[in-house]
2 protein chains.
Amino acid sequence: MDTVPPRRRRAGREQLLAAALRLFLRDGIQATSLQDIANASGVTKAGLYYHYKTKDEIVLDVLKPLLDALPAVTRRAEAHRTHAAQVDEVLGGLIEIALDERAGFAVLVNDPYLTQLLSQQPSMRQWWDDTAALLLGPDPDDQTRIGLAMFINGLPGASRDPAMAPLDDRSRRSHLLECGRRLLRPATGT
Amino acid sequence: MDTVPPRRRRAGREQLLAAALRLFLRDGIQATSLQDIANASGVTKAGLYYHYKTKDEIVLDVLKPLLDALPAVTRRAEAHRTHAAQVDEVLGGLIEIALDERAGFAVLVNDPYLTQLLSQQPSMRQWWDDTAALLLGPDPDDQTRIGLAMFINGLPGASRDPAMAPLDDRSRRSHLLECGRRLLRPATGT
DNA sequence: GTCTATACAAGGATAGAC
DNA sequence: GTCTATCCTTGTATAGAC
């Protein structure tokens with residue numbers, strides 16, 4: 001019948017989400033009020049409530065791309081046959097996400113508010129259990145476990161470190177991947 | 001003249017600080033209200049204001065041990081003669097601090113509120129510049145810079161990872177030190 | 001769909017009694 | 001030195017006009 005109209009039905013919503021993520025990254029979720037988001041996005045505070053019922057809904061929608069992307073990485077990795085290939089796929093995927101500012105990976109790992117918000121749904125924890133098992137392989141040693149913890153916790157910070165600024169995207173990826181490979185190597189002696 | 005009286009003049013204050021740190025670590029600084037601290041420490045909200053004028057003063061006093069300990073590590077390291085010894089001293093010192101829950105290292109690295117609070121005083125940034133220079137040595141390559149960023153950002157999280165729970169303190173230290181050594185090794189090929 | 005106005009709760013901070 | 005009571009500001013959320 002009719003063609004798809006070119007008007008962007010959700011333009012305001014997208015502006016809103018972009019502004020919110022920027023503020024969440026800079027100031028943290030708690031410190032970002034709805035007033036702040038409203039000011040930064042050009043919508044009024046009450047206007048936010050047309051799109052969302054609560055602040056939590058905004059937070060979850062801001063991080064939706066991230067929450068979808070993480071399981072996708074793991075699913076892709078599971079298709080590989082060798083353990084080494086699986087590890088590289090997961091590391092590469094996580095690095096890709098961490099380097100993408102829009103994903104908000106830094107918010108996810110750091111923010112206590114979000115940790116509590118997500119802990120209510122067990123899907124996130126389930127994802128991490130699966131992914132850690134994939135990365136560590138069967139019967140991992142302590143050194144590897146701790147190396148993984150350092151990688152996942154350090155990745156967001158390292159991705160946003162000043163040392164990254166002068167590098168091109170390919171170098172960033174390869175350096176971060178090298179960090180992951182070093183940390184996940186099983187202990188040799190000791 | 002008179003002996004030091006055994007009464008603890010600052011017992012209330014210490015309870016207060018311990019409770020505050022516990023809450024800061026669990027919920028973040030922003031999410032911890034003075035009411036929360038009061039409830040957890042047995043003091044009333046107004047009672048806090050006898051000891052401190054503002055919430056920021058409480059935050060800074062909670063982290064005072066940490067803010068003192070970090071420069072001390074660097075000073076100790078500077079006394080060593082070889083670069084390798086300096087690196088091990090700094091890594092060991094940082095790990096020691098990160099493993100000590102009371103130090104609140106996790107709060108320092110993660111919390112945006114604190115980042116902003118500390119950025120007002122340049123001493124912290126100066127300390128990190130000096131310490132990074134010490135760890136990286138002259139003319140560091142990009143891989144080493146990024147490895148350092150991952151170590152310092154990942155250290156608090158790795159220190160509190162579930163994989164740490166079953167280990168004794170000596171094992172924890174040595175595993176974290178191994179992570180640091182791996183990350184700070186200069187790139188070989190590429 | 002977006003704004004104005006406002007209700008309601010919570011947080012930081014102060015005054016003053018004890 | 002610690003508590004009670006209170007003020008002011010900010011934050012989330014809602015009602016209703018346009």
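Labels below follow one simple rule: chain letters A, B, ... track the order of the sequence lines, proteins then strands, and each chain is numbered from 1. All values reported here derive from a predicted model rather than from experimental measurement.
Counting to the nearest Å, the P atom of D:dG1 and the CG atom of B:Leu16 are 15 Å from each other. Across the protein-nucleic acid pair, A:Tyr113 atom OH and D:dT12 atom C1' stand 10 Å apart, rounded to whole Å. Rounding to whole angstrom units, CD1 of residue A:Ile29 and C1' of D:dG11 are separated by 16 Å. Atom P of nucleotide C:dA13 and atom CD1 of B:Ile37 are separated by 11 Å, given to the nearest angstrom. For the pair B:Tyr52 OH and D:dT2 C1', the computed distance is 16 Å after rounding to whole Å. As a whole-Å value, the separation of B:Leu34 CG from D:dT10 C1' is 14 Å. Rounded to whole Å, the distance from CG on A:Asn39 to C1' on D:dT10 is 13 Å. Whole-Å rounding puts the B:Lys55 NZ to C:dT14 P distance at 15 Å.
Dashed line: the shortest gap from a side-chain N or O of B:Tyr49 to OP1 or OP2 of C:dT14 is not under 4.0 Å. A close approach under 4.0 Å does occur between a side-chain nitrogen or oxygen of A:Tyr50 and OP1 or OP2 of C:dG1. The side chain of A:His51 contributes no N or O atom lying less than 4.0 Å from OP1 or OP2 of C:dG1.
With respect to the salt-bridge test (charged N to carboxylate O, under 4.0 angstrom), the residues A:Arg172 and A:Asp168 do not qualify.
The number of heavy atoms from other shown groups lying within 6.0 Å of CD (B:Gln35) is above 12.
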Before giving the answer on salt bridge (charged side-chain N to carboxylate O under 4.0 Å, His left out), spell out for B:Arg160 and B:Glu101 the whole-Å C-alpha distance, their side-chain angles and the decisive distance to 0.1 Å. CA-CA 9 Å; B:Arg160 302 163 60 78; B:Glu101 290 273 326; 3.1 Å; yes

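Both tests hold for A:Arg13 against A:Tyr52: distance to the six-membered ring centre under 6.0 Å, angle to the ring axis within 45°.
With hydrogens and angles left out, the side chain of A:Lys45 and the base of D:dG11 share no donor-acceptor pair within 3.5 Å.
Closest heavy-atom contact between B:Tyr113 and B:Val59: CE2-CG2, 4.3 Å.
With C:dA13, D:dT12, D:dA15 as the candidates, the nucleotide lying closest to the side chain of B:Thr54 is C:dA13. For A:Ala46, whose side chain is taken as the heavy atoms from C-beta onward, the closest listed nucleotide among C:dC3, C:dG11, D:dC3 is C:dC3. In the set C:dG12, D:dT4, C:dC3, the nucleotide with an atom closest to the side chain of B:Thr44 is D:dT4.
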